[in-house]
Amino acid sequence: MEWDRSYANKVILAPMVRVGTLPFRLLSLEYGADIVFTEELVAHSLKTTCREVNVNTGNIDFKTSSGKLVFSTNLMDHPNVLQLGAADAKTALEAASIVSRDVDGIDLNMGCPIHFSVQGGMGSALLKKPEIAVDILSTLKRNLPNPITCKVRLLETIPQTIDMLKMLEATGVSAMTVHTRHVKDRPRDPAKWDYMTHIVQGSLNVPLVINGDVFKREDIERARKETGASSIMIARGAMWDPSIFSETHEDVEVCITKYLNKCMEMGNNFKNSKYVVMQMCETLSKKAPRWIATQSSKNMAELCDIWDVNYVQTDTVVATNDDE
């Protein structure tokens, strides 16, 4: 898919750990996503990888010296944006430089609240040290040809959030995504779309992308109208129903069948494939026979049989944090 390098008026797959691996990105693009984000990749790990072309799948793989697969992409996986977890500019640039020719954009994660990220100075830890984020973004912008973006959460007040976004915008980023929750908020807490309305009116010039509580196709246009955001990023809504990107809804069973076929084609490992299918089963009853069978499946052949997918054994696996 050709990309105009613009983040304006787009519907985007959000970065999701363990979900945003290659098969799910490809499925989302097939359903109509304008841009797909990878799961967050930690710069310290990514910078140690070497690029190689997988002769079996045609994928471009990034592996460590021990053979661990950290990231995988291919010619169909575009427009794609690699989300980077980084705590300093030097490491961020080293990591991003390795993958820059195989991804369309680089995004800095400034919103993840999990302990691992925060403890390492990454994710939402950068909200408390925006000067480090400015250094990272400026360094990436200065040295790479890719559009550079960042994804943040709300600060305590709207004026504080706008002031931070203006600092980040001054680095030359192409867009900024606002997850409309505070760091302390959990997914069950409602997204604060009303905050985004004020942020959009805050004299920022780059496209602003809203993330949070877009669960149905009709929510996409509603979020645009209610907040004025240029673009929409979808996380759980896409995880539970990737056909949200399409004007034509498809049942979850159809989505899962398509996903598993892509897993076969890409050589995705069982552990990650099962995890994603379980997330896609969210709308099914926990008493549904397929839900129960999926939960107890022990290998890829069993998982495919449950969903009436022809199992094809492969010798390669695409990247996932589940490999550890």
Side-chain angles (χ1 to χ4, degrees), residues 4-16 28 31-37 79 81 83 105 107-113 123-124 126-127 130 133 137 147-171 173-247 249:
D4 58 6
R5 293 172 63 92
S6 170
Y7 286 82
N9 301 310
K10 299 294 192 293
V11 182
I12 303 168
L13 175 69
M16 290 182 283
S28 298
Y31 274 121
D34 295 310
I35 303 170
V36 291
F37 274 54
V81 175
Q83 190 183 63
D107 182 77
L108 178 63
N109 182 350
M110 296 180 60
C112 181
S124 61
L126 293 173
L127 297 176
L137 294 169
I148 306 300
T149 58
C150 58
K151 184 171 184 282
V152 307
R153 284 193 179 224
L154 299 170
L155 297 187
E156 186 174 348
T157 68
I158 293 170
Q160 288 174 341
T161 305
I162 293 173
D163 287 345
M164 177 188 65
L165 290 171
K166 287 181 177 179
M167 284 179 61
L168 301 174
E169 182 183 46
T171 66
V173 293
S174 298
M176 296 180 290
T177 300
V178 180
H179 182 171
T180 50
R181 289 183 174 88
H182 294 95
V183 173
K184 66 182 179 183
D185 293 336
R186 300 278 70 86
R188 64 179 178 273
D189 297 318
K192 300 175 175 70
W193 285 12
D194 54 324
Y195 279 54
M196 191 66 173
T197 304
H198 294 289
I199 291 168
V200 168
Q201 297 168 356
S203 300
L204 294 155
N205 297 311
V206 298
L208 293 175
V209 184
I210 184 173
N211 173 222
D213 286 2
V214 176
F215 297 125
K216 298 178 180 178
R217 177 73 184 180
E218 52 266 32
D219 291 338
I220 296 173
E221 193 56 35
R222 185 169 66 87
R224 278 202 177 103
K225 288 181 177 179
E226 290 188 14
T227 69
S230 174
S231 295
I232 312 298
M233 179 177 280
I234 311 175
R236 288 176 295 163
M239 181 173 68
W240 297 334
D241 176 19
S243 75
I244 193 172
F245 295 110
S246 172
E247 293 184 2
H249 170 76

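Side-chain atoms are counted along with the backbone in the values below, which use heavy atoms only and exclude waters and symmetry mates. None of the values given here were measured: they were computed from a predicted structure. All residue numbers in this chain count up from 1 along the given sequence.
Shown here is Glu218, whose CD atom has more than 12 heavy atoms of other residues, nucleotides or ligands within 6.0 Å. In this structure, Glu221 places its CD atom where more than 12 heavy-atom neighbours from other residues, nucleotides or ligands lie under 6.0 Å away.
A donor-acceptor contact shorter than 3.5 Å is absent between the side chain of Ser243 and the backbone of Ser246. In this structure a side-chain-to-backbone donor-acceptor pair under 3.5 Å is missing from Arg153 to Pro113.
A salt bridge links Asp185 to Lys192: at least one charged side-chain nitrogen sits closer than 4.0 Å to a carboxylate oxygen. Checked for salt-bridge contact, Arg222 and Asp219 meet the test: a charged N lies under 4.0 Å from a carboxylate O.
How far CG of Leu126 is from CE of Met164: 10.0 Å, rounded to the nearest 0.5 Å. In this structure, CG in Asn109 is found 10.5 Å from OG1 in Thr177, a value given to the nearest 0.5 Å. The CE atom of Met233 sits 11.5 Å away from atom CG of Asp34, with the distance rounded to the nearest 0.5 Å. Going from atom CG of Leu168 over to atom CG of Leu137 covers 6.0 Å, rounded to the nearest 0.5 Å.
Using a 3.5 Å distance cut-off with no hydrogens or angles, the side chains of Asp189 and His182 do not pair a donor with an acceptor.
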### Task
Could you go through the side chain to side chain contact (heavy atoms under 4.5 Å, CB included) check for Asp213 and Arg181 one step at a time?
CA-CA 10 Å; Asp213 286 2; Arg181 289 183 174 88; 2.5 Å; yes

